[in-house]
J.: 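One structure, as structure tokens, below. Some questions next.
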Amino acid sequence: MTKPTLHVTTPMYYVNDIAHIGHAYTTIAGDVLCRYRRMTGYDVFYTTGTDEHGQKIAEAAEGRGMTPKQLADTVVTKFVDLWDTLNIDYQSFSRTTDVGHKASVQKEFQSMFDNGDIYLGKYSGYYCVPCESFWTDTQLGEGAVCPSCNRGVKIVEEDSYFFRLSRYQDKLLQHIKDNPSFIQPEARRNEVVSFIESGLNDLSVSRTSFDWGIHVPFDNKHVVYVWLDALSSYITALGYGTSDANFQRYWGNTIHLVGKDILRFHTIYWPAFLMSMGVELPKQVFAHGWWTVEGQKMSKSLGNAINPVELVNDFGADAVRYFLLQTMPFGNDGNFSYEVFISKINHDLSNDYGNLVNRVAQMVHKYFNSVMPHLSTKHSDARENPETYKKLFPLEHHLDELLDQTVRTVDASMDTLSFNEALKAIRAYISATNKYVDAAKPWTVATEGDMDRLGDILNRAMNASLLATRLLSPFMPETADKVFVLLGVENPLLASSEKLKLDMVSGGQKITFNTQLFPKVDAKVFLAKRGATTSTTGNATTGNADVVSTVGIDEFFKTQILAGKIMAATAVPKSSKLLQLSVDFGGAMGTAENATIVAGVKKTYAPEDLVGKTVAFAANIKPTKIMGVLSQGMILAVDNGTRHFVMELDDSVVPGTRIK
């Protein structure tokens, strides 16, 4: 059976400077999409590369005392090294200085000229060197600056070949209308339609005022416009014009991932060039947003540019990949914050995912001598009959149903490049698996001596954690490979996302898991080390500490701080901050009933995030009515101004244990 194909591209990154977090963001997104589609049975080709021609490169090289090619070679090495560091699995790294690319671009230019779409004229107008963009009087921003980058423009007057862009105005509009998903997100599509409807002028596609570029095949005085040159990389990377096998195989299902600042080039110029050449248009152009840093525009002048290499050195490649795609919808702008980054590592990756894998592996080690238990005959037989299984094993039945739902949600989210929604669904499945372990109470089953039931629980929990790992593997490939190796599991490609089996392993393999996947990061220590501060007040991070008053030891011990297990949690009606918790203190409060505690942590934790966790409480606080609910204690948590961190305890701590 022939596999469906997919071709994904990043922009051809300009080599006037080193790669930054924006480059990494696009490239990671493309890599995740490609890995996921390979996992679900696609034949995938991933193209990235560099745009190395143009006036900006020539001027940058001259300023550094280098030739343009020397500058390009230096910067390209840094891009390649970064993609290796971030575990980017691409099939083509295309350079516009490649010999094959040059020949193909000249062939394309000749084709458009032969079709009557290119003619010689004289360009007189405004040109932005940093953006390599031509502008009209009406398009310039206030103060006669480039409307894209707000920098000054040059008045240019020179002979130029023009592309008859105006000829394709109606055809472009019709294609966009007939293919609603061609430009995404929808708001970007509307911008492009509005721009086209305002009228398209013919486009200057050659320059004579500098020489660093691909020469027009029939007029050596002219070099091809840098954007026509760079955009052509998407097809020359597949062999168009030289060896067409990959082009024929992959081009028909191509997705371009671009930043919103270069949307016009990819959705107006590029489709028109392709129409002129008689080449099929890409399936989709998806424009993502920009990153700010702590609410400010990222720039070298502000000294706040984020170096992705340093991020990986500090937190690891998988944490960087996870954060960038989980934090915001792919089409929106996002804000980079070290505090939020660290909270994602500590909460999502350490507390939730890492804790799940660790706790199950440790119990398999403790109760089964590190050998994965098989399902009992009773459990295996029951699974053959859904109604029997639901009746005899309701917890496991619910977990299996949730897996099916999770897979469908992830697949639908990846179809629309909603990476954050896919990760949200996977996180919910991880949370549900942690709750399954809490509800099944394997530690209690072990004390009762029911080894069949204990094996069933740990088998199902281990398989669930492995399946969560499989779904996370496109986002965090290094972590997934580590988990599969340590847990003695092969990492087979799946034939289809709809065929994700309920079990990855039946049992019997040796587990050698002895590592913490994501050690918690001390935000205060990290930020102090890098000389950073955060937006919070008090003594948490800024150094403007509140004055700490002292109390006697006897006075301190009047407060009883107890370990409590949260058995249930609900939102307090009409409150945006409060959750009502039902807490088991193991009888330490003088009653077998659970205590009711109101906690102001709703801005960080959904009710389901807390159920099953053992945390610290001040238990002998005088009961107080809060929003109509009688609260019998206080949860202990850190409030850093952005979110809360409840003081979690290991699951082995018995409810009611006093903390001193």
Side-chain angles (χ1 to χ4, degrees), residues 6-13 20-37 46-48 86 88 131 147-149 172 175-196 231 234 253-271 281-293 295-298 306 308 320-337 340-341 344 409-427 474-475:
L6 176 65
H7 178 220
V8 178
T9 75
T10 71
M12 296 296 112
Y13 298 120
H20 53 66
I21 198 70
H23 300 121
Y25 180 53
T26 315
T27 311
I28 290 168
D31 183 65
V32 168
L33 178 60
C34 289
R35 286 177 182 272
Y36 180 79
R37 283 301 168 213
Y46 188 24
T47 294
T48 187
L86 289 168
I88 305 300
C131 293
S148 180
C149 69
L172 281 169
H175 181 81
I176 295 169
K177 178 181 178 181
D178 293 343
N179 300 272
S181 63
F182 175 58
I183 303 172
Q184 289 295 310
E186 184 179 355
R188 303 298 174 209
R189 182 175 72 239
N190 294 339
E191 290 175 12
V192 173
V193 169
S194 177
F195 187 92
I196 297 173
L231 291 165
Y234 299 137
N253 193 21
T254 293
I255 296 176
H256 295 319
L257 305 181
V258 302
K260 65 181 182 180
D261 54 322
I262 55 175
L263 181 63
R264 173 167 52 95
F265 303 98
H266 287 80
T267 57
I268 299 176
Y269 300 170
W270 180 228
L281 269 57
K283 178 182 177 181
Q284 186 176 82
V285 180
F286 198 109
H288 63 73
W290 290 338
W291 282 91
T292 57
V293 179
Q296 290 184 304
K297 181 180 178 181
M298 192 187 311
I306 302 297
V320 174
R321 290 168 64 104
Y322 178 87
F323 172 80
L324 291 180
L325 294 187
Q326 193 276 339
T327 304
M328 69 172 182
F330 189 54
N332 294 2
D333 291 340
N335 181 54
F336 183 93
S337 161
V340 176
F341 194 135
K344 294 292 183 186
T409 301
V410 170
D411 207 51
S413 298
M414 295 301 285
D415 274 344
T416 58
L417 275 63
S418 301
F419 301 108
N420 65 316
E421 291 298 321
L423 286 170
K424 181 179 178 182
I426 299 168
R427 274 200 63 212
F475 299 89

J.: Side chains of L417 and Q184, heavy atoms from C-beta outward: is any pair under 4.5 Å?
T.: no
J.: Got a donor-acceptor contact below 3.5 angstrom from the R321 side chain to the I28 backbone?
T.: no
J.: L324 versus F419: any side-chain heavy-atom pair under 4.5 Å?
T.: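 No. Closest side-chain heavy atoms not under 4.5 Å.
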J.: Carefully, step by step, assess R189 and E186 under the rule side-chain contact (heavy atoms from CB on, under 4.5 Å).
T.: CA-CA 5 Å; R189 182 175 72 239; E186 184 179 355; 3.2 Å; yes
J.: Determine the minimum heavy-atom distance between F330 and A29, stating which atoms define it.
T.: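 Between these two residues, the closest heavy atoms are CE1-CB, 3.5 Å.
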J.: Would you check, one step at a time, whether the test side-chain contact (heavy atoms from CB on, under 4.5 Å) holds for I21 with V293?
T.: CA-CA 10 Å; I21 198 70; V293 179; over 6 Å; no
J.: Taking side chain as C-beta onward, heavy atoms only, is Y46 less than 4.5 Å from L33?
T.: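 No. Closest side-chain heavy atoms not under 4.5 Å.
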J.: Can you see which heavy atom on F323 is nearest to which on V340, and at what distance?
T.: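 Minimum heavy-atom contact is CE1-CG1, 3.9 Å.
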J.: Does any part of the side chain of W270, heavy atoms only, come nearer than 4.5 Å to the side chain of V285, both counted from C-beta?
T.: no
J.: Answer whether the closest heavy-atom distance between the side chains of W291 and H20 falls below 4.5 Å.
T.: no
J.: If we only count heavy atoms from C-beta on, is the T292 to D333 side-chain gap below 4.5 Å?
T.: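 Side-chain contact under 4.5 Å: no.
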J.: Any idea which heavy atoms bring L257 and T26 closest together, and the distance?
T.: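 Between these two residues, the closest heavy atoms are O-CG2, 3.7 Å.
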J.: Below 4.5 Å, heavy atoms only, C-beta onward: do I183 and F286 meet side chain to side chain?
T.: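 No - every pair of side-chain heavy atoms lies 4.5 Å or more apart.
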J.: Evaluate side-chain contact (heavy atoms from CB on, under 4.5 Å) for Y36 paired with V410, printing each intermediate quantity in order.
T.: CA-CA 10 Å; Y36 180 79; V410 170; 3.9 Å; yes
J.: Check whether more than 12 heavy atoms from other residues, nucleotides or ligands sit under 6.0 Å from atom NZ of K260, and answer yes or no.
T.: yes
J.: Taking the six-membered ring where the residue is Trp, are the ring centres of Y234 and H266 under 6.0 Å apart?
T.: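 They qualify: ring centres under 6.0 Å apart.
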J.: How far does CE of M12 sit from OG1 of T47, to the nearest 0.5 angstrom?
T.: 6.5 Å
J.: With a 4.5 Å limit on heavy-atom distance, are the side chains of D31 and T48 in contact?
T.: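 Not in contact.
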J.: Apply side-chain contact (heavy atoms from CB on, under 4.5 Å) to L86 and T27, showing your working.
T.: CA-CA 9 Å; L86 289 168; T27 311; over 6 Å; no
J.: Could you report the tightest heavy-atom contact between P185 and A287, atom names first, then the distance?
T.: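 Nearest pair, atom of P185 first, then A287: CD-O, 3.2 Å.
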